[in-house]
Amino acid sequence: MLKYILCAAAALILAGLFTFLTKALFERVPESWLSDYDEEFTGNSGEDRISKRALPVIFTTFALSSFFSFMQYLQYGIKGAVLIACVGLIVYFLVMTYISDLKYTIIPDQFVVAIAVLAIMVIILDLPLGLKLFHSNWLSVLWGALIGFGVFFIIGAIGSLITKKNAFGFGDIKLLTALGLFSGTEGIIIILIISVLIATIHFVALMLMGKLKRGEYKPFGPYICIATIVYISFRSYIVMGVDWYLSLLMGR
């Protein structure tokens with residue numbers, strides 16, 4: 001019981017800190033980061049970029065992801081503590097990316113690069129230092145990045161040929177490539193499945209409520225961010241469920 005109390009207390013403290021940093025730093029992000037190449041910033045320069053009513057949602061996201069990260073990774077000692085710091089920062093940049101893409105339909109390269117750098121730190125913990133939680137071997141790193149890049153690049157190319165519009169932004173592809181580095185082969189496949197499921201449910205709900213018209217553009221980045229945070233927070237439980245389901249299919 002004491003373990004749960006300490007993890008919850010630490011998670012609340014971290015959530016408060018990350019929520020404050022998200023609000024403070026996102027308001028100071030240069031406008032050039034929130035606009036496409038050679039384009040003017042489309043937002044209102046004088047408005048708050050993050051509303052006060054969004055802060056409880058951001059706080060809850062950080063609190064839950066921190067708590068379940070503590071529960072899953074603290075058992076691995078110092079390496080686990082470093083891993084918690086890495087995934088915590090990845091969640092932080094995912095929240096920043098979510099807000100940016102939802103509000104300005106842009107995924108800043110700076111956020112993607114930060115996630116990629118943190119992904120490399122996770123790879124070092126997993127392979128040279130032997131933690132092996134997200135990656136079992138170097139092929140997992142390679143295939144994770146290739147799947148993250150390739151799947152949506154191909155879908156986007158086909159969609160663009162059919163609709164004569166951009167089916168997916170290149171920011172989505174770059175983000176998925178960085179997340180593939182971080183999560184490995186199994187992880188990026190799970191993230192893709194969860195993001196598509198969440199997006200489909202949301203799109204159908206919006207269409208039924210008359211809030212989304214056929215052909216209307218909605219950024220996909222926020223769904224990728226949500227799916228990745230879900231995967232990070234509940235990774236061990238999701239992997240256990242996938243293994244159980246696959247064992248049923250194979251009749252083991």
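Residues His135 and Ile123 form a side-chain contact, since some pair of their non-hydrogen atoms from C-beta on lies under 4.5 Å apart. Proximity of Val122 to Leu118: side-chain heavy atoms (C-beta onward) are nowhere separated by under 4.5 Å. For the pair Val196/Phe220, a side-chain contact is recorded, criterion being any heavy-atom separation below 4.5 Å from C-beta on. In this structure, the side chains of Asp48 and Lys23 come closer than 4.5 Å at one or more pairs of heavy atoms. Considering only heavy atoms from C-beta on, Leu175 stays 4.5 Å or farther from Asp101 through its side chain. Val91 places a side-chain heavy atom less than 4.5 Å from the side chain of Phe62. Two residues are said to be in side-chain contact when any heavy atoms from C-beta on lie closer than 4.5 Å; Ile147 and Leu192 meet this criterion. By the 4.5 Å heavy-atom criterion applied to side chains, Tyr223 and Leu197 are not counted as neighbours.
Using modelled atom types, one side-chain atom of Lys79 and one backbone atom of Leu129 make a donor-acceptor pair closer than 3.5 Å. In terms of modelled atom types and a separation under 3.5 Å, the side chain of Ser247 and the main chain of Trp244 share a donor-acceptor contact. In terms of modelled atom types and a separation under 3.5 Å, the side chain of Thr105 and the main chain of Pro219 share no donor-acceptor contact. With Arg235 contributing its side chain and Gln72 its backbone, the two residues share no donor-acceptor pair below 3.5 Å. Looking at Thr97, its side chain never comes within 3.5 Å of a backbone N or O of Ile107 through a donor-acceptor pair.
Residue Met71 places its CE atom among more than 12 non-hydrogen atoms of other residues, nucleotides or ligands, all under 6.0 Å distant. Open room surrounds OH on Tyr4; 12 or fewer heavy atoms of other groups in view lie less than 6.0 Å from it.
Looking at every heavy atom in both residues, Ala227 comes nearest to Ile191 through CB-O, 3.5 Å. Here the closest non-hydrogen pair linking Phe134 and Ser140 is O-OG, 4.0 Å. Here the closest non-hydrogen pair linking Ile173 and Thr177 is O-OG1, 2.8 Å. The nearest pair of heavy atoms linking Tyr231 to Ser183 is CE2-CB, 4.0 Å. Here the closest non-hydrogen pair linking Ala63 and Ala15 is N-CB, 3.4 Å.
Note: the hydrophobic cluster containing Leu181 does not contain Val87 (ILVMFWY, side chain heavy atoms under 4.5 Å, direct or indirect links). Connection of Ile50 to Leu25 is established within a shared hydrophobic cluster, with ILVMFWY side chains joined at heavy-atom distances below 4.5 Å, either directly or through further cluster members. Placement of Leu21 and Leu14 within a single hydrophobic cluster is found when ILVMFWY residues are connected by side-chain heavy-atom separations under 4.5 Å, directly or transitively. A single hydrophobic cluster is seen to contain both Phe93 and Leu176, as judged by linkage of ILVMFWY side chains at heavy-atom distances under 4.5 Å, directly or through other members. Ile188 is connected to Ile238 through a chain of hydrophobic side-chain contacts under 4.5 Å among Ile, Leu, Val, Met, Phe, Trp and Tyr, so both are in one cluster.
Ring-plane geometry between Phe111 and Trp33 is classed as perpendicular, the angle between the planes exceeding 60 degrees on a 0 to 90 degree scale with a lower cut at 30. Taking the six-membered ring for Trp and thresholds of 30 and 60 degrees, Phe149 and Phe170 have ring planes more than 60 degrees apart, a perpendicular arrangement. By the 30° and 60° cut-offs, the orientation of the rings of Tyr237 relative to Phe68 is perpendicular.
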Candidate pair Phe26 and Val29, rule side-chain contact (heavy atoms from CB on, under 4.5 Å), full reasoning: CA-CA 5 Å; Phe26 195 80; Val29 167; 4.3 Å; yes

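Annotation: side chain to side chain donor-acceptor pair (under 3.5 Å) contacts involving residues 50-65, sequence neighbours excluded, are absent.
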